Amino acid sequence: MQIASWNVNSIRSRLDHAIKFLEENDIDVLCLQELKCQDHEFPAEQFEAMGYKCYTYGQKAYNGVAILTKIEPTDIEYGFSDKAFEEQKRIIKATIKGFDIYNIYAPNGNNPKDEKFIYKEGWFKRLKRMLKNEAGLDKNKVVICGDYNIAPTDADVKDPKKSFGKICFHPTEHEWFNQLIDLGLSDCFRIFDKTEKVFTWWDYRAGSFQTNKGMRIDHFLTNDLANAEIDNCYVIKEPRTWEKPSDHTPIVISTKD
DNA sequence: ATGGCTCCCCGTGGGAGA
C-alpha cells in the first residue's frame, strides 16, 4: 500500500495535477490539504472514475482536508473529537487496512508575534492531546501525515541561520514538533533518507524553486507499530515542476503489503 | 528585503499563505 500526502493549494485549481499524479504513481490513499472548497464543490466524480472514494472535510476559501482511497476504510472521523478548532477544517482520519491515518493541515501562524501564532500553538497542543489520550499509540498502527508548517531541523531549510526564528523555523515551533516525537513517533522520512536539503515546499516568489530555497514542512509521523510495516518514505518532486503548480509537492510512504 | 507569487472572495483590492 502507498499513502501520499499533498498540500495542493486549491483542489479545483490543481485538479489536473492531482489526476496526473495519480496516473503516474501507484497511490492507494491520497491525503490532500488546502482544498479551499466546500464539500459539495469537491470534484469527487473525477477521482471516483479512477477508483477512489472521497472523504472530504472542506470549507469555503481556506483550509479543508480530504482522504481519497482505493481501499474501503473501516472508519472515518472529521475534526477533533470535542469539536475544538471546528471553525477551521484541518484534520480528518481514516482507518484503512488497520492503519489509523490522520491527515492534518496545521495552521501557518503568520509570524511568531502574531495572534495566529497563538492559534497555531493551541492547535498543536490539541493535536498532542489527541495523540496522547485518544489515538492509542501503544496498540494501533498510527500514521499522521500532512502539512505541519514546521521544518524540524537545520537539514530541513536552505539556510538555518537565515531562517532561525522565522515562521516554520522558530525554536518554539520546534518544541511543539519534538513534543509529538516524544510521544513515541518517528519523523518517518528520516528513517529512510538522511540526505540534507530535501524539501516539500518552495515559495512561489523570487524564483525560490529554481534556487532550491525551500523547506521540508510536510511530514509523516509514525509510531513503532506502523514502522514495522513501512518500507519507504520519499518525496516526489516532479509535480512542483509542472505548469501552475502547488507550492508544495507530495510525500509518500509505502507499506510491505 | 515582509517584497516577491498565487489563491480566494458578493473581488476589481485585500486577506491569507509560508
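Residue numbers begin at 1 in each chain, while the letters A, B, ... track the order of the sequences. Please read these numbers as outputs of a predicted model, since none were measured by experiment.
In this structure, A:Y119 has its ring center closer than 6.0 angstrom to the ring center of A:F85. With ring centers used as reference points, A:F164 lies 6.0 Å or more from A:H170. Taking the six-membered ring for Trp and the full ring otherwise, the centers of A:W123 and A:F80 sit less than 6.0 Å from each other.
Across the interface with DNA chain B, nearest-nucleotide mapping of A:K244 and A:R90 shows A:K244 to be the residue nearer the 5′ end. If A:A206 and A:A106 are placed on DNA chain B by their nearest nucleotide, the residue sitting closer to the 5' end is A:A206.
Listed pair A:N7 / B:dG17 fails the phosphate criterion, with no side-chain N or O lying under 4.0 Å from OP1 or OP2. Distances shown here put a side-chain N or O of A:H248 below 4.0 Å from the OP1 or OP2 atom of B:dA18. For A:S13, a side-chain nitrogen or oxygen approaches OP1 or OP2 of B:dC8 to under 4.0 Å. The phosphate of B:dC7 has OP1 or OP2 within less than 4.0 Å of a side-chain N or O from A:R14. Contact annotation: A:N9 does not reach the phosphate of B:dC7 (side-chain N/O to OP1 or OP2, under 4.0 Å).
Within the nucleic acid shown, A:D203 has no heavy atom closer than 4.0 Å to any nucleic acid atom. Among the protein residues, A:N63 comes within range of no part of the nucleic acid, since none of its heavy atoms lies under 4.0 Å from any strand. At a threshold of 4.0 angstrom between heavy atoms, the contacts of A:F209 with the nucleic acid are absent.
On the P atoms, B:dT6 is 23 Å away from B:dC10, given to the nearest whole Å. Distance noted for atom P between B:dA1 and B:dA16: 26 Å (whole Å). With both ends at atom P, the span from B:dT12 to B:dT2 equals 28 Å, rounded to whole Å.
Spacing between atom CZ of A:R12 and atom P of B:dT6 amounts to 19 Å, rounded to whole angstrom units. Rounding to whole angstrom units, CG of residue A:N149 and C1' of B:dG17 are separated by 8 Å. Note: CG (A:D247) to P (B:dG4) measures 16 Å, nearest angstrom. The distance between atom NZ of A:K120 and atom P of B:dA16, rounded to the nearest whole Å, is 15 Å. In this structure, CD of A:E41 is placed 7 Å from P of B:dC9, rounded to the nearest angstrom. In this structure, CH2 of A:W201 is placed 13 Å from P of B:dT6, rounded to the nearest angstrom. The CD atom of A:Q33 sits 17 Å away from the P atom of B:dC7 (whole-angstrom rounding). Atom pair A:D114:CG and B:dT2:P shows a separation of 16 Å (rounding to whole Å applied).
Counting all heavy atoms, side chain and backbone alike, A:F220 lies closest to A:A4 at CZ-C, 4.3 Å.
Taking the six-membered ring for Trp and thresholds of 30 and 60 degrees, A:W176 and A:F117 have ring planes inclined between 30 and 60 degrees apart.
With A:R216 as reference, A:D156 is the one residue of A:D147, A:D154, A:D156, A:D193 to meet the salt bridge (charged side-chain N to carboxylate O under 4.0 Å, His left out) rule. A side chain to side chain contact (heavy atoms under 4.5 Å, CB included) with A:N223 is found for one member of A:L185, A:I144, A:L183 and no other, namely A:L185.
No hydrogens or angles considered: a donor-acceptor pair under 3.5 Å links the side chains of A:E134 and A:S81.
Below the 3.5 angstrom threshold, one finds no donor paired with an acceptor across the side chain of A:N110 and the base of B:dA16.
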Quick one: which protein N/O atoms are closer than 3.5 Å to N/O atoms of nucleotides 10-15 of chain B? Pair and distance per line, please.
residue, atom, partner, partner atom, Å
B:dC10, OP2, A:K60, NZ, 3.3

